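This chain uses plain numbering: 1 for the first residue, then up along the sequence. All ligand and atom numbering here is 1-based and tracks the order in the structure. Remember, predicted model here, so these are calculated numbers, not experimental data.
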Amino acid sequence: MIASRSFTVPARQCLRIANVSRPWVPAIAPIAQTQFRSYSIPYEDKVAKFKGKKGSDGNYTVTLIEGDGIGPEISQSVKDIFSAAKVPIKWESVDVTPQLKDGRTVIPDKAIDSVKTNFVALKGPLATPIGKGHVSLNLTLRRTFNLFANVRPCVSIAGYKTPYDNVDTVLIRENTEGEYSGIEHVVIDGVVQSIKLITRAASERVLRFAFQYAEDVGKRKVRVVHKATIMKMSDGLFLNIAREISKDFPQIEFDAELLDNACLKIVTDPTPYNDKVLVMPNLYGDILSDMCAGLIGGLGLTPSGNIGDECSIFEAVHGSAPDIAGKGLANPTALLLSSIMMLQHMNLHEHADQIQKAIFDTLAEGKYLTGDLGGKAKTHEYAEAIIKKL
Ligand SMILES: NC(=O)C1=CN([C@@H]2O[C@H](COP(=O)(O)OP(=O)(O)OC[C@H]3O[C@@H](n4cnc5c(N)ncnc54)[C@H](O)[C@@H]3O)[C@@H](O)[C@H]2O)C=CC1
Ligand SMILES: O=C(O)CCC(=O)C(=O)O
Ligand SMILES: [Mg+2]
């Protein structure tokens, strides 16, 4: 076990201004009954344009981090379904067990090289020890590859009834700093300080990404979720930058909402949020994305993409779910939909559409649902049902 320690401030990384022009857009299809629509995806000039090339065997190589807890089970479902759908992908599994290098927790070089070479990775959940122990490898990966925007769509699933069946929220979370900067220290015995770092550079790039994203997916409005009443300087800076950037997007409406009020309003009625992209500092995005997942049936259903200029890593919103790990109870949908986002990113639309339809049809049919959705199917039985629909 590696001793608990804080991150060094990734100052250089924070200060690198990304050349943000057009964002990548996920195509997690909102569905009404068994219908689903796909977003149009702008591929030209976009940020994080996929740079991978097919190998001589006709396959792209994609880094796979299976992860902890339920990670290997849900990764297996993705591998089985991709193989059945003949997706031209060769997985390169890497080990991300943390190592100590010059007193810092780092990801093994082999894993870093793999992501750098392949430009894209699919990642299962990685567990983080509470209090003491190594720093979060999830955050380390995001910072290592400067994955500045975490896109977390949350869309109602036909086949699982919730109080609102038309949820279509998308949340963009600043992914490299904020409350998750990891700068903590003991001031004196009994007094600790944890620093929320907000920089103009990181705020600008994620905000610009959010506006461009809204334009590309046809959302009318960008809303900043903040607490600048209390964190006047840090959230105040984020909010002011959003105001500045909004001027470059006159066709997109811009407004802001206090975090606590946003939570109340979203759980009361998420419908008014369907025409908006919500963008916010790191911690708020972490919490709100779990909250939104609750609106559509839980964490088994919500995907995400960590988007950077060079590489992108796709993963579910959920964690390693130690309470159900190893029992075949996990719902692989969240990781599967993340893998659909990844295929969209890689321009493999036909495969993405085919698998996405099979997933949504299987869910809508309701015969093979996992326990979190009230069914009895084991993880692999649900995956097999999807394969039959391909
Ligand atoms: N991006 C990542 O890799 C993340 C990692 N984590 C790590 O995961 C570990 C566990 O964290 P928790 O707070 O328990 O959150 P969690 O997301 O792992 O689980 C919360 C609840 O949701 C359920 N759940 C999650 N995913 C599910 C799925 N696919 N199918 C069915 N049920 C599912 C779990 O059984 C549990 O009851 C921690 O070490 C945490 O640091 C947490 C969130 C994200
Ligand atoms: O890294 C972790 O332990 C948690 C990360 C997390 O909750 C998230 O990415 O949503
Ligand atoms: Mg989280």
Can you tell whether the side chains of [X] and [Y] come within less than 4.0 Å, N to carboxylate O?
X: R205; Y: D309; result: no
X: E310; Y: K116; result: no
X: K389; Y: E384; result: no
X: E92; Y: K110; result: no

So, do [X] and [Y] sit near enough that their side-chain heavy atoms are less than 4.5 Å apart?
X: Y180; Y: R173; value: yes
X: I70; Y: I324; value: yes
X: L288; Y: L259; value: yes

Sub-4.0 Å atoms of ligand 1 with respect to non-hydrogen atoms of [X]:
X: V317; result: 44 (C)
X: R142; result: 1 (N)
X: E315; result: 1 (N), 2 (C), 3 (O)
X: P125; result: 3 (O)

I need the contact type for [X] against ligand 1. Using non-hydrogen atoms and a strict under-4.0 Å cut-off, is it side chain, backbone, both or neither?
X: I70; value: side chain
X: T128; value: both
X: P322; value: side chain

**Q.** Between T176 and E174: side-chain donor-acceptor atoms closer than 3.5 Å
**A.** yes
Okay, side chain of [X], backbone of [Y]: is any donor-acceptor separation there less than 3.5 Å?
X: D235; Y: M231; answer: no
X: E177; Y: A202; answer: no
X: E253; Y: D255; answer: no

Q. For the residue pair Y60 and F50, is the inter-centroid distance of their aromatic rings smaller than 6.0 Å?
A. yes
Q: Would you confirm whether the ring centroid of F238 sits within less than 6.0 angstrom of the ring centroid of H226?
A: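 When the ring centroids of H226 and F238 are compared, they turn out to be at least 6.0 Å apart.
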Report the nearest protein non-hydrogen atom to [atom]: residue, atom name, distance rounded to 0.1 Å.
atom: atom 6 (N) of ligand 1; value: G319 CA, 3.4 Å
atom: atom 8 (O) of ligand 1; value: S320 N, 3.0 Å
atom: atom 37 (O) of ligand 1; value: D323 OD2, 2.8 Å
atom: atom 44 (C) of ligand 1; value: H318 O, 3.4 Å
atom: atom 7 (C) of ligand 1; value: L126 O, 3.6 Å
atom: atom 22 (O) of ligand 1; value: L299 CD1, 3.8 Å
atom: atom 19 (O) of ligand 1; value: A321 CA, 4.2 Å

Q) Any idea how F148 and F209 line up, ring-wise: parallel (<30°), tilted (30 to 60°), or perpendicular (>60°)? A) perpendicular
Q: Enter the distance from S136:OG to H134:NE2 here, rounded to the nearest 0.5 Å.
A: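 Answer rounded to 0.5 Å: 8.5 Å.
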Q | Atom pair OG (S181) and CD1 (I198), whose distance is rounded to the nearest 0.5 Å | A | 7.5 Å
(Q) Protein non-hydrogen atoms only, distance under 4.0 Å: does atom 11 (O) of ligand 1 have such a neighbour? (A)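 No.
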(Q) Under 4.0 Å from atom 17 (O) of ligand 1, can you find at least one protein heavy atom? (A) yes
Q. For atom 3 (O) of ligand 1, which of N150, N138, D68, T379 has the closest heavy atom?
A. N138
**Q.** Proximal candidate to atom 33 (C) of ligand 1 [heavy atom criterion; set I324, N331, D372]
**A.**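 Looking at heavy atoms only, the winner is I324.
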Q) What number of protein N, O or S atoms occur at distances under 2.8 Å from the Mg ion (ligand 3)? A) 1
Q | Counterpart residues, salt bridge (Lys or Arg N to Asp or Glu O under 4.0 Å), relative to E315 (two or more places apart) | A |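 Listed in chain order: K123, R142.
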Q: Please name all residues satisfying salt bridge (Lys or Arg N to Asp or Glu O under 4.0 Å) with D269, sequence neighbours left out, ordered by chain then number.
A: none
Sub-3.5 Å pairs, protein N or O with ligand 2 N or O:
unit_1   : atom_1 : unit_2 : atom_2 : d
ligand 2 : 1 (O)  : T128   : OG1    : 3.4
ligand 2 : 1 (O)  : S136   : OG     : 2.5
ligand 2 : 1 (O)  : N138   : ND2    : 2.8
ligand 2 : 3 (O)  : T128   : OG1    : 2.4
ligand 2 : 7 (O)  : D286   : OD1    : 3.2
ligand 2 : 7 (O)  : D286   : OD2    : 3.4
ligand 2 : 9 (O)  : R142   : NH1    : 3.1
ligand 2 : 9 (O)  : R142   : NH2    : 2.7
ligand 2 : 9 (O)  : R152   : NH2    : 3.2
ligand 2 : 9 (O)  : R173   : NH1    : 3.3
ligand 2 : 10 (O) : R152   : NH1    : 3.1
ligand 2 : 10 (O) : R152   : NH2    : 3.0
ligand 2 : 10 (O) : R173   : NH1    : 3.3
ligand 2 : 10 (O) : D286   : OD1    : 2.9

